[in-house]
Amino acid sequence: MPYNHQQIEKKWQKKWDESDIFRARDDSDKPKYYCLIEFPYPSGAGLHMGHPRSYTAMDVIARKRRMEGFNVLYPIGWDAFGLPAENYAIKTGRKPQDVTAENIATFKRQLKSFGLSFDWSREVNTTDPEYYKWTQWMFLEFFKAGLAYKKKMPINWCVSCKIGLANEEVVDGKCERCGGPTEKREKEQWMIAITKYADRLLEDLETVDYLEKIKTQQKNWIGRSEGAEISFVIVSEIEQSNEIASVALLPRNDNISVFTTRPDTILGATFLVISPELAQQWIADGWMSSEEVKGYIEQALKRDNKEREAESKEKTGVPTGVFVINPANKEKIPVWVADYVLGEYGTGAVMAVPQHDDRDREFAEKFSLPIADRPLISFDESIEKSGGKKTVQYKLRDWVFSRQRYWGEPIPLVWCEECAKQSSSLRGSKATEAISEIAASSLDKLGTPRNDMNGWISVPDDQLPIVLPEVEKYEPTETGESPLAAIHDWVNTKCPKCGGKAKRETDTMPNWAGSSWYFLAYIMKGVSSNYQLLTTNYQSAFNHWMPVDWYNGGMEHTTLHLLYSRFWNKFLFDRGHVPVSEPYAKRTSHGLVLAEDGTKMSKSKGNAVNPDEMINEYGADSVRLYELFMGPFGEPVPWSTNGLVGMRRFLEKVVEVSLSLREASKASDEAITRLLHQTIKKVTDDIEHMRFNTAISQMMIFVNVVKENESISKENFTTFLRLLCPFAPHLSNELYEQLGGTELLEQQIWPTHDSELAKEQIITIAVQVNGKLRGIIDISPDAEEESVKQSAIENEHVKKYVEGKSVKKIVYVKNKIVSIVV
RNA sequence: GCCGAUGUGGCGGAACUGGUAUACGCGCACGACUCAAAAUCGUGUGGGGAAACCCAUGUGGGUUCGAUUCCCACCAUCGGCACCA
């Protein structure tokens with residue numbers, strides 16, 4: 001039989017569709033298993049060879065689970081909001097809605113051609129108003145809980161995309177998407193207080209089964225540091241040259257608070273350093289600083305990340321003229337301002353201990369500040385002596401949730417001037433109390449939710465979704481507002497609370513919003529295909545399916561999507577909407593598929609491999625196998641079309657074997673059965689550990705041996721087809737049918753291995769003399785130690801190294817090796 | 001600089017808790033088939049040597065009867081973070 005993959009693959013894909021066997025059942029008695037892959041952004045370039053690596057891997061697992069008797073949910077959807085579609089719209093004038101729909105159609109066709117066992121009935125799309133209705137509803141939950149707040153803050157601004165970026169989206173001072181330069185800009189932004197969950201995001205990592213490197217990266221990103229906050233009193237004595245400075249400062253600020261992880265070094269603190277941001281705040285509060293300080297601040301704040309990085313080696317700073325008292329030893333020490341102290345971290349001020357801190361020493365040496373040699377004191381003693389208090393700091397920042405762009409979910413809030421005025425006199429209302437409580441529990445003064453959100457009114461549930469209006473132009477406005485701001489009909493609305501004139505928020509959400517809860521959307525879609533808002537009860541379905549049992553995705557999402565969605569789910573859990581605090585029980589990650597030259601595949605470099613062409617020429621089964629065989633699953637591996645050819649040859653061999661099925665002699669059949677059971681064991685174990693490459697190699701060994709023997713029983717062969725099915729489902733089904741199978745292979749059970757049948761009759765072991773391999777002998781696995789040693793010494797290759805010498809020692813490791821020392 | 005990972009043939013890579021290093025695949029060489037080529041099949045394939053043997057898992061040490069695997073030091077590459085007090 002010629003192996004006509006095109007015909008075979010079409011045929012089985014149709015059968016799967018018609019039989020609907022990949023549909024997850026909410027009413028099943030079987031135990032559930034939820035497999036998840038990161039749903040793709042449907043880009044205009046079409047499917048990338050990297051996508052199927054993760055998808056086929058989870059497909060193998062999903063298919064195996066089904067055969068093991070689980071009710072499997074393996075869904076797919078589209079994370080379709082985002083910049084590329086919008087930039088394309090700006091360039092061509094086409095609607096992002098249309099472009100996205102086309103891209104999705106392409107992706108869908110391509111994914112289907114891989115024969116992935118997705119439950120397509122639960123397909124979701126983040127840009128569907130029925131979907132983002134919920135994204136908006138959840139945002140309002142954050143808002144109502146006081147976790148969404150608007151704040152003027154310096155944000156990372158991409159000059160060419162004209163968009164504010166989250167810290168996570170800035171890489172080496174450059175925009176993650178376009179690679180262009182970024183600068184700091186002051187903007188009113190919606191923020192979500194993820195920092196409130198920092199501790200739980202950290203602690204709960206202990207409760208989940210994530211790859212260790214993923215946990216480590218998240219821990220580092222959250223960056224918890226324990227230490228102390230210590231106040232340094234500003235002294236009234238005035239340094240001659242800066243008389244005005246200190247005097248003017250005193251009325252409002254009588255001390256400077258610093259955060260340190262080393263309060264035990266406080267005796268060695270010989271000066272204080274404050275950040276340019278804090279210094280600027282002082283000036284705003286009425287500090288009459290010297291011109292030198294003002295000049296320094298201005299320069300420091302203007303510098304963007306790139307410049308700062310370039311100059312990171314050389315420390316700069318100026319004295320403020322202000323002095324403080326070291327509370328531990330009552331020494332009067334100067335305060336400097338320098339940009340090596342960050343405004344966003346800690347209190348924005350540090351005590352400098354040149355004796356113990358490299359950065360402080362470098363600074364002290366450069367500016368001839370004193371470097372003391374003082375003893376350490378214990379943590380508790382230092383806290384007591386300095387009147388400080390123990391605190392914890394995080395590197396994690398609150399989530400910048402606003403985008404001034406078109407192609408995202410509109411933030412469903414309305415600004416009402418009238419209500420703002422009203423409520424300013426209503427301090428003590430319930431909402432305000434809730435917000436104040438959160439504010440009080442917070443240490444980070446720059447990331448604290450404000451309690452003046454009162455003019456912002458939630459859009460009521462029955463008015464959701466706020467649908468993206470049609471616009472003429474997709475560019476952000478020159479002032480940096482979203483194009484929505486130009487649609488007056490849309491912006492001007494009625495206040496849902498007082499009925500007066502009000503304006504809609506024109507910011508949209510970041511593309512991370514929709515992906516923060518999509519694993520729930522798949523479940524909801526199984527209950528109600530149109531996501532009826534609030535009227536449907538999803539609780540029992542959530543109870544049934546959550547948490548996700550196994551989630552595979554890219555390492556690049558560890559500190560973005562993965563952290564955001566854990567946070568989002570925890571919040572929903574706290575609000576009583578979902579039953580589990582951690583959304584993903586297990587998280588693994590795949591390595592990148594690189595181009596043949598070992599660099600990243602990209603359309604612009606022209607080194608991208610087209611999945612359509614590969615499937616057309618070699619078949620989906622070959623491509624699936626190669627995606628998994630190419631290298632260890634977690635490592636990046638360069639693509640090789642030659643390697644793909646090897647998979648095709650393997651499948652052709654399988655076809656050949658199936659055509660020449662012949663009952664074997666008893667001895668041969670025993671040998672094949674033995675190898676089959678060894679293969680079952682290896683493939684079964686390897687899949688669980690994502691060692692797909694060695695699982696496939698074991699199946700190749702099996703087929704090679706069968707081919708050599710020119711015989712295999714039908715029973716053994718169909719067992720083998722069940723093993724092969726998750727990897728190469730089209731061909732496996734075809735061969736199974738030709739052998740008289742009437743059901744789909746997917747409805748068969750996964751083979752289990754019999755260790756008795758798998759047991760070797762004869763084992764070949766090595767014989768070493770003085771650590772060098774000198775011979776091999778065949779033994780029975782149950783052979784007595786003495787007889788093995790004897791035959792080792794008598795082996796003709798070994799003899800000549802042993803003869804005439806005195807044997808000092810013989811080591812025998814059962815069924816492994818004989819080691820002789822002479 | 002810090003954190004994490006990785007280093008094995010011409011290439012992708014195997015090797016379980018220390019036990020025959022180089023499985024499996026690619027490539028290559030030779031042979032068969034063919035007028036010829038492709039495809040296919042067969043044989044071989046870490047390096048050196050005529051052979052006995054010797055040398056090889058980034059480098060240098062160590063532990064051990066035995067080390068790709070464990071320990072110490074170093075080098076290189078990749079990923080993440082980056083003046084986080």
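Chain naming here is simple, since letters A, B, ... match the order of the sequence lines and numbering starts at 1 in each.
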Practice prompt. Could you give the distance separating B:A67 and B:G19 at their C1' atoms, to the nearest angstrom?
Written response: 10 Å
From CD of A:Glu708 across to C1' of B:U43 the rounded distance in Å is 13 Å
A:Lys653 has its side chain closest, among B:G25, B:C24, B:G13, to B:G25
Would you indicate what A:Ser640 reaches in the nucleic acid, counting non-hydrogen atoms under 4.0 angstrom: base, sugar-phosphate, or nothing? nothing
Margin query: Using atom C1' in both nucleotides, what's the gap between B:G9 and B:C24 to the nearest angstrom?
Written below: 14 Å
Answer yes or no on whether A:Arg566 is positioned over the face of A:Tyr197, meaning its NZ or CZ is under 6.0 Å from the six-membered ring centre and within 45° of the axis. no
task: Establish, from distance only, whether the side-chain atoms of A:Gln761 and A:Ser780 form a donor-acceptor pair under 3.5 Å.
output: no
Item to complete: State whether A:Phe363 and A:Lys315 meet the cation-pi test: NZ (Lys) or CZ (Arg) under 6.0 Å from the six-membered ring centroid, and within 45° of the perpendicular axis.
Response: no
Does B:A85 have OP1 or OP2 sitting under 4.0 Å from an N or O in the side chain of A:Tyr340? no
Against the side chain of A:Met647, the closest entry in B:G25, B:A85, B:U20 is B:G25
Whole-Å distance, A:Ile701 CD1 to B:U22 P, equals 13 Å
Exercise. Taking atom NZ of A:Lys814 as the centre, report whether more than 12 heavy atoms of other residues, nucleotides or ligands fall under 6.0 Å from it.
Key: yes
| said: Does A:Asn704 reach a base, just sugar-phosphate, or nothing at all? Heavy atoms under 4.0 Å. | reply: sugar-phosphate
Side chain to side chain donor-acceptor pair (under 3.5 Å), that's the test. Do A:Tyr618 and A:Arg648 meet it? Break it down for me.
CA-CA 6 Å; A:Tyr618 302 100; A:Arg648 171 72 189 200; over 6 Å; no
A:Gln768 (side chain) and B:G19 (base): donor-acceptor pair under 3.5 Å | yes
Taking Watson-Crick and G-U wobble contacts under 3.5 angstrom, with | marking pairs to another strand and [ ] crossing pairs, the secondary structure of RNA chain B is written (((((((..(((......[....)))((((((.......))))))(((....)))..(((((..]....))))))))))))....
Contact string for nucleotides 50-57 of chain B, one letter per nucleotide 5' to 3', B = base within protein heavy-atom range under 4.0 Å, S = sugar-phosphate only, - = neither, reads --SSSS--
| field | Residue-phosphate contact under 4.0 Å: A:Lys213 side-chain N/O, B:A5 OP1/OP2 | value | no
Subject >> Donor on one side chain, acceptor on other, A:Gln678 and A:His753, under 3.5 Å >> reply: no
Please confirm whether the shortest side-chain N or O distance from A:Ser225 to OP1 or OP2 of B:A85 is below 4.0 Å.
yes
- Taking atom types as modelled and ignoring hydrogens, do the side chains of A:Gln698 and A:Asp686 form a donor-acceptor contact shorter than 3.5 angstrom? no
Discussion item. Can you tell me whether the side chain of A:Lys395 and the base of B:C81 have a donor-acceptor pair closer than 3.5 Å?
Written reply: no
For A:Thr764, answer base if it contacts any base atom (sugar-phosphate contacts may also be present), sugar-phosphate if it contacts only those atoms, and nothing otherwise; contact means non-hydrogen atoms under 4.0 Å. base
* To do: Describe the nucleic acid contact of A:Val813 in one word from base, sugar-phosphate, nothing, applying a heavy-atom distance below 4.0 Å.
  => base
Taking only N and O in the side chain of A:Arg649, is any of them less than 4.0 Å away from OP1 or OP2 of B:C26? yes
- If the P atom of B:C35 is compared with that of B:C53, how far apart are they to the nearest Å? 47 Å
Side chains of A:Glu229 and A:Ser257 only: does a donor on one sit below 3.5 Å from an acceptor on the other? yes
- Item | A:Met630 side chain reached by A:Asn693 side chain, heavy atoms, under 4.5 Å | no
Return yes if a side-chain donor-acceptor contact under 3.5 Å exists between A:Ser382 and A:Asp264, otherwise no. no
In whole angstroms, the gap separating C1' of B:G1 from NZ of A:Lys315 amounts to 11 Å
Taking for A:Asn220 and for A:Thr260 the nucleotide of RNA chain B with the nearest heavy atom, the one nearer the 5' end belongs to A:Asn220
Taking atom C1' in both B:G10 and B:U45, compute the distance separating them and give it to the nearest angstrom. 11 Å
Syn within 90° of 0, anti beyond: B:G62 is anti
Side-chain atoms of A:Asp339 come closest, of B:C83, B:C3, B:U20, to B:C83
request  = Please state the P separation for the pair B:G60 and B:A76 - nearest whole angstrom.
outcome  = 16 Å
- Query: Can you find a side chain N or O atom of A:Asn642 that sits less than 4.0 Å from OP1 or OP2 on B:G12?
  - Reply: no
